[in-house]
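Indexing begins at 1, ligand by ligand and atom by atom, following the structure's order.
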Amino acid sequence: MDDSVTKPVRTRIAPSPTGMLHLGTARTALFCWAFARHHGGQFILRIEDTDRERSTEDAVRVIIEALRWLQLDYDEGPIRQTERLPRYREVIERMLADGTAYRCYATPQELEAMRQAQMARGEKPRYDGRWRPENARGRTPPPGVAPVIRFRNPDSGEVAWNDLVKGPIAFSNAELDDLVIARADGMPTYNFAVVVDDIDMRITHVLRGDDHVNNTPRQINIYRALGVTPPAFGHLPMILGPDGQKLSKRHGAVSVLQYEQDGFLPEALVNYLARLGWSHGDAEKFTRAQFVQWFDLAHVSRAPAQFNPDKLLWLNGEYIKEADDARLAALVAPRIEARGGRIEGAALPAVMALLKPRARTLNELADEAMLFYGPHMIDPALLGQHLRGAAVEAMRAFAARAAAIAWERGAIGALIKQLLAEFDLKMPQLAVPLRVAVTGRTQTPSLDAVLALFPRETVLARIAAALACVPC
Ligand code: GLU
C-alpha cells in the first residue's frame, strides 16, 4: 500500500462530544497520533459538536482528559466546530453562488411520501432532485418552510480512492444522492463540516473507523466541488468483542477513563490498543517510542480486530511488574484510602515492591495492600484454631528474640527457621499462627517479607495481643 509521504503530515482526531471516549475512538486517535509522530508531523484535536442537542461540555472534558491520560498530545486544538459556524456559512454561500449547492424546500412529509413511493416501486429510496435549480425553475418556495441546503452531487462517473488500509475503493455517483449539507436552522452536517475543517486545518491523512467508508465518496465530491485535492484516506478495521460482535458495554468497559478507574496503566492500554488491528511481527509488548518508530499503515489489518480482555489484563500485569514503586504508590494510595485504609506504618513503595509481581491491576494492588493498612481485627475463632500447642511457645520466643534482631527480611527469616528447629515445627505450624496474629489472614505473601514491612512495634504489639487471648 502506498503511504509514501512527501508533505508535512497532519492528522486529526475528530470525536463528537456525546458521551464517553470509546476504545475505538482512542485506537483511532492513537494511530493518527503515531502516524503523525512517525513522520514528524502534527496531530490535531477537533471537537465535532454541531449536534447541539447531544453534545455536552462534560463529554468535551472527558475527551481531553482521556487523551491526556493516554498521553496522546496534540499540537493544535481543541478546535470546536461550533466556533467555526461563520466559516461554514461563508463556504455555503460560495457553493450556492456557483451552483454546487442549492436550497431545498421539501417538507419532511413530502420526503417521506417520496420514500414510500420509491420503495413501493422497488427502488432504493433517494432524494429525487426536485429542488435542483433546473427542476425548480419557475416554482416559488412554499411559504413558511425554512430550506435545507443540499449538495449537488454529480450524476454520473465514479468516485474512487486508494484507501491506505483497504486498497482501491470506488463508488458510482449514481448511488449517491444530493445530501443535506446544512439543516434548516443553518447548522452544517457532518459530511460538509468535516471537509471544510480538513481543508482549513490542512489535514493530509484522514484515518478513521471504517464505519465512515460510505461517507468518503460524498466528501471527495465536496472537495472536488470546492476545487481542492482531497487528503489521503485510510479506514481502520472495526473492533469486535470476544464473541465476534461489535464491541459494546456487554463486553465490559468500553470507556477509556473506566480503564483508569479499573486500575489500568495508560502505557498498558496504549500498547494493547496499538495491537488492535496493527502488528509488528509477533511483538506483543513494546514501548510508546518503539510504536512510533514502527508504526505504518501497511501493517494495519483489513480484517476486524478482536478485543481480548484477558490479554489486556496480562499486559497490564507486565507493566505493573516493571513500574517504579514510588509511581505505583502514588497511584494506589487513593485507592487504599477509598477502601478505608490508613497509610501508616509500612512504607507504601516497599509494599508495592512486594505485591507487584502478582497484581494485574492497581485495584488488585490496593486490595492486597489492605493487608498493611486495613483495620486490624483479632478474630478469636481463627486465633483459637491456629494458636495452640508448641506454636504458642514458639511465638512467645519469637516475640522475645525479635526485639534484639535487625528488623529486616533476612534476619526475620533466620529467626523463624531457628525457632522451627528448636520447637520441632514445620513451617506452616508457626507461619500460619504468626500470620493470623499479625495480619488476621491465613495467607499472605512470604511471611518474613510481610513482617519486615510492618514496624517492629506493630508486630510485637499484635503478637502480644494475640498471646494475651490464649486460650482464645
Ligand atoms: N465525528 C466523527 C466521528 O466521531 C468524525 C469522523 C471523521 O474522523 O471524519 O465518527
Could you check, using the six-membered ring where one of them is a Trp, whether W278 and H299 have ring centers closer than 6.0 angstrom?
no

Can you list the ligand 1 atoms lying under 4.0 Å from a non-hydrogen atom of [X]?
X    : value
R208 : 7 (C), 8 (O), 9 (O)
V194 : 9 (O)
H212 : 3 (C), 6 (C), 10 (O)

Side-chain heavy atoms of F171 within contact of R218, under 4.5 Å
no

Could you tell me the residue and atom name of the protein heavy atom closest to [atom], and the distance to it rounded to 0.1 Å?
atom                   : answer
atom 4 (O) of ligand 1 : A14 O, 3.5 Å
atom 8 (O) of ligand 1 : R12 NH1, 2.6 Å
atom 1 (N) of ligand 1 : E48 OE1, 2.6 Å

Show, in sequence, the C-alpha distance, side-chain angles and deciding distance for R46 and D198, and conclude whether the salt bridge (Lys or Arg N to Asp or Glu O under 4.0 Å) test is met.
CA-CA 10 Å; R46 180 168 78 227; D198 286 339; 2.8 Å; yes

Go through it in stages, so that I can follow the logic: the residues are Y102 and W131, the test is ring-ring contact (aromatic ring centres under 6.0 Å, His included), and I'd like the CA-CA distance, side-chain angles, deciding distance and then a yes or no.
CA-CA 8 Å; Y102 61 92; W131 282 97; 8.9 Å; no

Derivation of the ring-ring contact (aromatic ring centres under 6.0 Å, His included) call for F151 and F192
CA-CA 9 Å; F151 172 63; F192 170 72; 8.9 Å; no

